[in-house]
2 protein chains.
Amino acid sequence: MKKPEEQFLDYLARKRLKNTSQRMTILSAFLRQKAHLSTEEFYLQLRKEHPGIGYATVHRTLKLFAECGIASERNFGDGQMRFEVSLGNEHHDHLVCTSCGQILEFENQQIEQLQIDVARTHNFIIEDHRLELYGLCSACHTTEQPPVS
Amino acid sequence: MKKPEEQFLDYLARKRLKNTSQRMTILSAFLRQKAHLSTEEFYLQLRKEHPGIGYATVHRTLKLFAECGIASERNFGDGQMRFEVSLGNEHHDHLVCTSCGQILEFENQQIEQLQIDVARTHNFIIEDHRLELYGLCSACHTTEQPPVS
DNA sequence: ACGATATTGAAAACGGATTTCAACTTATAG
DNA sequence: CTATAAGTTGAAATCCGTTTTCAATATCGT
């Protein structure tokens, strides 16, 4: 498994793109972040330490990460695109808390296999899939916390 | 099981909303349509027979359908909201063809059960979920048809 | 029919994603 | 080490689907 930095630099070289300080700064911050941040949220975080970097650059760079395989784009239906580190973080699905917004990851090999079976019975070739469970996380339903309105 | 028309009228009454000709026209067209149409697509269809109805009204009425349970909103990641008849069309998941855009429905009770198990092990209360498999439908991969670019 | 209230359609506003563009930076060739 | 071509940057503009605004209109209860 290649390191993300290496994979990104390889990608830049292959595409004759340039290695800029902004890109390296964004990459380093992206690999450090743990949550499933939207472009906006990530930008606001980054801006604290690097006020000079513009939103457009952050957006473009996150897309580059997705193209070269070190990030994956997620859409949990809240109208914001989210990015997560995908390299070294193997396939998983998500539990999304509709009260606090927390996003948990899970993996279930049986479900994966059943999906393959479903596809086969429909003579369908799977390229990608998404499975998300929406509801209340442990913290939100045990404390009777009302949903944020 | 209540009829969709009945359920909608009940909902209107309960909320002190009014029964207008536009709403009935839209309901009837919506129940007749089979595909998973976006608001825009549905509006363009409807406009052929009913040129007087505005986009805003269609949009608002589709949202009403979702609120009263006869429609459900879907988002397949193409940036458009889609609506499908949900009343009398029990829970199912989707196979989305990335080449021709066709959307097939499927149901798998084993997957449903495994989802419940996953939620339980995370002490998570499921309110909703979505499972979509993206790829090539039978027609698109057997004919070697290149993806639309 | 009246009056209160909801609805309508057109247009404007909204919000996030994406593009434009002139100034600037990087990589490569000389 | 320049010079130069090509890519990148940040701010602002644009895009595009969704949602709201508002004045005119329709509906419903009386």
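Computed from heavy atoms alone, side chains included, the values below leave out hydrogens, waters and symmetry copies. First the proteins, then the strands, lettered A, B, ... as listed; each starts at 1.
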Hey, can you tell me if A:H59 and A:Y55 have their rings parallel, tilted or perpendicular (30° and 60° cut-offs)?
-> parallel
Verify whether one side chain among A:E105 and A:H36 offers a donor that lies under 3.5 Å from an acceptor in the other.
-> yes
Path from A:V58 to A:L31 over hydrophobic side-chain contacts below 4.5 Å | yes
Could you tell me which residues satisfy side chain to side chain donor-acceptor pair (under 3.5 Å) with B:R47, sequence neighbours excluded, listed by chain and number?
-> B:Y43
Starting from P on D:dG17, measure out to CZ on B:F83 and report it in whole angstrom.
-> 15 Å
Between A:E127 and B:T98, is any side-chain donor less than 3.5 angstrom from a side-chain acceptor?
-> yes
State yes or no: do B:I116 and A:I111 share one hydrophobic cluster built from I, L, V, M, F, W and Y residues joined by side-chain heavy-atom distances below 4.5 Å, directly or via other members?
-> no
Rounded to whole angstrom units, what separation is found between the CD atom of A:Q80 and the P atom of D:dG17?
-> 18 Å
Verify, without hydrogens or angle tests, whether A:K34 (side chain) and A:R32 (backbone) share a donor-acceptor contact under 3.5 angstrom.
-> yes
State whether the number of non-hydrogen atoms from other residues, nucleotides or ligands found under 6.0 Å of B:Q110 atom CD is greater than 12.
-> no
The helix from C:dA1-D:dT30 to C:dG30-D:dC1: angle between terminal helix axes, five bp per end, to the nearest 10 degrees, reads 30°
Start and end of chain B contact along DNA chain C [non-hydrogen atoms, under 4.0 Å] | C:dT5 to C:dA10
Crowding at CD, B:E107 (>12 non-hydrogen neighbours, <6.0 Å) = yes
Apply side-chain contact (heavy atoms from CB on, under 4.5 Å) to A:R60 and A:K63, showing your working.
-> CA-CA 5 Å; A:R60 286 184 287 229; A:K63 294 239 120 182; 5.7 Å; no
In chain order, what residues pass the salt bridge (charged side-chain N to carboxylate O under 4.0 Å, His left out) check against A:D128, with sequence neighbours excluded?
-> none
Nearest-Å distance, CG (A:L62) to P (D:dG10)?
-> 13 Å
How would nucleotides 20-30 of chain D be written as a contact map, 5' to 3', with B for base contact, S for sugar-phosphate-only contact and - for no contact, using protein heavy atoms under 4.0 Å?
-> BB-----BS--
Output yes when B:R82 and B:E84 qualify as a salt bridge under the 4.0 Å nitrogen-oxygen rule, no when they do not.
-> no
Would you jot down, in residue-number order, the residues of residues 36-55 of chain B having a non-hydrogen atom under 4.0 Å from DNA chain C?
-> B:G52, B:I53, B:G54
Where is the tightest heavy-atom contact between A:R130 and A:N75, given as atom of each residue plus distance?
-> NH2-O, 2.5 Å
